[in-house]
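Comments concern the structure below.
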Amino acid sequence: MNLATQPENRVALTGNEAVAHAMKQINPDVVAAYPITPQTEIVQIFSGFVADGDVDTVFERVESEHSAMSAAVGAAAAGARAMTATSANGLALMWEILYIAASNRLPIVMPVVNRALSAPINIHCDHSDTMGARDSGWIQLFSENAQEAYDNTLQAIRIAEHPDVELPVMVCLDGFIISHAMDNLFMLPDEMVTKFIGLRKPEYSLLDVDNPATYGPLDLQDWYFEHKRQQVEGMKKALDVIPQIAVEYEELTGREYGFFEAYRASDAEALMIVLGSTAGTAKDVVDAMRDEGHPVGLIKLRTFRPFPMQQLVSALAGRRAVAVMDRSDTFSTAGGPLFHGVRHALYDCERAPLTSNYIYGLGGRDVKPHDLRKVFDDTLRMGESGRVSQPITYLGVRE
Amino acid sequence: MTKILEIRWHGRGGQGAKTAANLLAEAASAVGRYIQAFPEYGPERRGAPVTSFTRISPKPIRIRSAVTNPDVVVVLDPTLMVATDLTEGLVDDGVIVVNTERSPGKVRDQLDTKHFKIFTVNADRISTEAIGRRIPNTPMLGAVIRATDMLEYEPFIEQMEDELNKKFSGRPEIVSGNLEAIKRAYKEVQAE
């Protein structure tokens with residue numbers, strides 16, 4: 001019997017509680033954090049574990065997110081396993097240090113509870129916060145539910161610290177929809193997590209005085225470019241490492257992870273590509289429409305950075321039409337960030353499907369099954385007509 | 001697709017609508033059902049109208065949309081009847097359980113409807129007597145279990161005892177008071 005899916009390990013927790021418990025099981029050396037809705041509960045609950053002596057973590061209550069990420073950078077460079085968590089404007093305030101964490105190849109793991117950016121002020125879910133950090137050099141994993149937020153947090157430690165990768169990882173979960181909703185999930189026994197994540201063994205660290213190293217010195221025309229090239233190589237290696245870690249995790253849990261989940265997609269003529277919690281609602285819609293005989297399917301993208309271009313092309317080639325769902329906009333007037341990635345990936349594909357873009361759910365706007373059904377209906381029609389009549393649609397907005 | 005039972009809780013900030021939604025979900029989860037429970041977050045103020053939701057299903061729940069057509073509506077505060085459209089979206093054969101001293105017939109007159117199965121219970125009085133505070137959320141759980149067939153009574157009570165012991169460890173008088181309130185509301189709830 002699989003230990004990780006025994007009934008006694010099935011719990012009812014909110015997404016934030018699930019992530020806080022994953023952090024407890026990880027028992028990081030250092031957590032530095034600053035509160036922001038809807039993330040606050042994660043570090044609040046975790047600080048309870050610190051106060052109760054359930055973890056050995058040094059918990060730093062810093063004065064801003066900029067300082068939280070700076071403290072995580074310092075700790076990780078010293079050789080510690082360092083974590084923090086944030087949302088929205090907190091992530092925006094970290095922006096400068098996000099790049100420093102990634103460029104110094106520091107394997108910090110950070111749950112980000114996705115929330116709309118100000119202004120106007122809004123505490124609810126969209127993906128504009130993490131999309132703002134998409135080019136910062138962080139690996140980004142998105143989660144459909146509390147189970148995936150928990151599983152991604154544990155796998156993120158292994159991905160980040162893999163010697164071929166050495167890059168920070170954001171674990172993204174939808175604000176309120178996942179973070180504050182109680183949900184069923186299976187947790188691993190503590191000792192199984194301890195064994196799975198192992199100890200961090202950095203090749204170089206500031207506290208390794210026998211092998212002195214420097215982090216973040218001046219690096220001008222002669223070497224900066226080479227270091228950036230190496231950083232890209234780390235991301236490329238992540239494309240090998242992410243599936244390897246997923247296989248190991250599946251052996252423990254029976255739960256399958258990859259770059260994306262293809263749901264009833266293999267014979268679908270119209271596909272939807274989506275990130276995060278909306279995938280759950282979309283699966284219900286796919287089932288309902290399949291029952292009526294419509295050839296629809298879903299690609300739920302888990303790994304947004306690195307962007308699994310080849311794998312996506314293989315999944316999409318030969319389909320008639322694809323709807324790309326973006327829970328953020330770029331204000332480029334050329335569509336959302338996921339759309340840019342998907343359409344770009346398909347350019348050299350000989351049997352490329354038609355693609356169109358839907359911007360949806362900004363500021364937590366509810367996404368109902370009939371909204372997604374409309375997207376599938378339009379996408380089926382686009383496939384039949386053979387042309388894209390409207391490349392970008394704002395779904396469920398008053399205009 | 002298996003029908004998911006959807007429950008909407010109406011209360012005022014501070015009355016425990018979120019806790020009630022979560023407690024019911026936890027009890028259902030403990031007996032093997034799949035659940036979701038979530039509040040509607042807005043500008044939160046003590047005393048302001050708030051809603052919370054519980055979903056219960058024999059199969060894993062994937063939908064992440066808001067609840068718009070609940071099967072059950074639970075009203076923790078009778079004063080909400082004038083301020084809120086309590087039956088908005090409630091399915092025609094749905095159940096509404098109201099914390100009030102009035103009879104289901106009186107509530108029907110006020111709602112001016114031919115639909116729904118209406119239940120009432122005086123959860124304010126029960127909680128004041130059993131817990132010593134006017135905190136209607138736990139007795140309303142007992143009333144909801146009686147008014148619907150979503151969970152069996154005995155396993156539900158056992159789960160509530162477990163959950164309350166976790167939430168109020170070291171304060172057995174609060175646990176026993178809440179349990180008594182739940183059991184009394186289960187017995188005292190009035191149907192038409």
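Reminder, nothing fancy here: chain letters follow the sequence lines and each chain counts from 1.
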Report the option among A/I178, A/D183, A/V367 that has the most heavy-atom pairs separated by less than 4.5 Å from atoms of chain B. A/D183
Residue B/R55 versus chain A: region with a heavy atom under 4.5 Å: neither
Whether A/H180 and A/F176 hold their rings parallel, tilted or perpendicular, with breakpoints at 30° and 60°: tilted
A/E148 with A/K300: basic N within carboxylate O range, under 4.0 Å: yes
Measure from NZ or CZ of A/R327 to the centre of the six-membered ring of A/F142 and say whether it is under 6.0 Å with the direction within 45° of the ring axis. no
Considering only heavy atoms and a distance below 4.5 Å, find which of B/I61, B/I63, B/T68 pairs most often with chain A. B/I63
Could you have a look at B/S29, B/A30, B/S65 and say which one has the most heavy-atom pairs with chain A under 4.5 angstrom? B/S65
Above 12 or not: heavy atoms from other molecules or residues under 6.0 Å from CD of B/E192? yes
A/P38 versus chain B, the contacting section by heavy-atom distance below 4.5 Å: neither
Part of B/T54 within contact of chain A (heavy atom distance under 4.5 Å): neither
Closer than 4.0 angstrom, basic N to acidic O: yes or no for A/E261 and A/K283? yes
Only counting residues at least two apart or in another chain, list the ones meeting ring-ring contact (aromatic ring centres under 6.0 Å, His included) with A/Y394. none
Partner chain A: residue of B/G32, B/A25, B/A21 with the largest heavy-atom pair count (under 4.5 Å): B/G32
